[in-house]
Amino acid sequence: MANITKLDSNDTLSEIAIHNGVVYLAGQVPNDDSLDIKGQSREVFANIDAALAKAGSNKSKILSAQVFITDLANFDAFNSEWNQWVKGITPPARATVEAKLVNPNWLIEIMVVAAI
């Protein structure tokens with residue numbers, strides 16, 4: 001049986017779980033919840049990039065992404081930022097849903113699964 005590695009854990013969750021050459025990230029949220037959707041999206045992408053690097057991966061190896069957005073009126077603005085972030089790589093499989101988030105000031109949360 002392959003080892004399971006969990007990083008940046010607390011009593012509630014692990015930010016990163018690695019098993020069998022695959023990295024699973026907890027939902028990544030913005031650091032500054034006062035930003036608009038574009039700013040929050042850029043922060044989330046930076047958080048994903050940092051977590052993947054810590055796990056020995058990068059965005060070109062993302063297999064799937066689950067995007068939770070609080071208002072679909074922000075979908076086009078989010079997609080504009082997303083398209084800049086994935087420019088130059090083949091984008092992963094992705095689902096986007098409208099959802100309430102734990103912090104009412106967060107506009108976006110993204111979970112990804114990536115190969116190492």
Side-chain angles (χ1 to χ4, degrees):
M1 180 164 176
N3 290 336
I4 298 172
T5 302
K6 295 180 182 175
L7 305 172
D8 300 336
S9 302
N10 61 35
D11 290 341
T12 305
L13 60 85
S14 295
E15 286 291 329
I16 303 166
I18 303 166
H19 178 258
N20 212 23
V22 178
V23 59
Y24 304 84
L25 298 187
Q28 300 298 299
V29 295
N31 302 324
D32 181 352
D33 65 11
S34 70
L35 297 173
D36 66 5
I37 187 65
K38 288 186 172 212
Q40 286 194 21
S41 296
R42 286 189 296 269
E43 284 198 349
V44 170
F45 300 147
N47 292 343
I48 291 169
D49 288 336
L52 289 176
K54 190 171 197 173
S57 188
N58 63 66
K59 69 182 170 187
S60 73
K61 297 179 180 182
I62 295 175
L63 303 170
S64 66
Q66 296 176 359
V67 179
F68 306 96
I69 190 167
T70 59
D71 186 347
L72 288 177
N74 287 325
F75 184 70
D76 289 339
F78 166 75
N79 261 344
S80 173
E81 295 301 316
W82 171 272
N83 290 339
Q84 286 300 311
W85 184 58
V86 298
K87 189 174 185 175
I89 64 169
T90 303
R94 188 183 102 180
T96 304
V97 297
E98 186 174 43
K100 279 182 144 179
L101 301 179
V102 172
N103 178 337
N105 295 318
W106 289 339
L107 304 176
I108 193 83
E109 181 172 353
I110 303 174
M111 291 179 66
V112 301
V113 176
I116 302 259

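Each residue takes its place number in the sequence, starting with 1.
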Point-to-point distance, once rounded to the nearest 0.5 Å, from [atom1] of [X] to [atom2] of [Y]:
| X | Y | atom1 | atom2 | answer |
| --- | --- | --- | --- | --- |
| I108 | L101 | CD1 | CG | 8.0 Å |
| D36 | S41 | CG | OG | 8.5 Å |
| K100 | E109 | NZ | CD | 15.0 Å |

Write down the atom of [X], the atom of [Y], and the distance for their closest heavy-atom approach.
| X | Y | answer |
| --- | --- | --- |
| I69 | F78 | CD1-CB, 4.0 Å |
| E98 | L72 | OE2-N, 3.2 Å |
| L35 | Q40 | O-NE2, 3.0 Å |
| L25 | M111 | O-CE, 3.9 Å |
| S57 | A115 | OG-O, 2.5 Å |
| E43 | N31 | OE1-N, 2.6 Å |

Worksheet item: Is there side-chain contact between I116 and I18, with at least one heavy-atom pair below 4.5 Å?
Response: yes
Worksheet item: Does any non-hydrogen side-chain atom of I16 lie less than 4.5 Å from one of V23?
Response: yes
Applying a strict under-4.5 Å side-chain criterion to I, L, V, M, F, W and Y, I'd like to know whether [X] and [Y] cluster together.
| X | Y | value |
| --- | --- | --- |
| I4 | L7 | no |
| I89 | V44 | yes |
| V67 | I62 | yes |
| W106 | V97 | yes |
| V86 | I110 | yes |

Worksheet item: Can you tell me if E15 uses its side chain to pair, donor with acceptor, with the backbone of A51 under 3.5 Å?
Response: no
Practice prompt. Apply salt bridge (charged side-chain N to carboxylate O under 4.0 Å, His left out) to R42 and list each qualifying residue two or more places apart in sequence or on a separate chain.
Written response: E81
Response to the item:
Taken in chain and number order and not counting sequence neighbours, the residues that satisfy salt bridge (charged side-chain N to carboxylate O under 4.0 Å, His left out) with D8 are K54
Item to complete: Could you tell me which residues satisfy ring pair (Phe, Tyr, Trp, His ring centres under 6.0 Å) with W85, sequence neighbours excluded, listed by chain and number?
Response: F45, W82
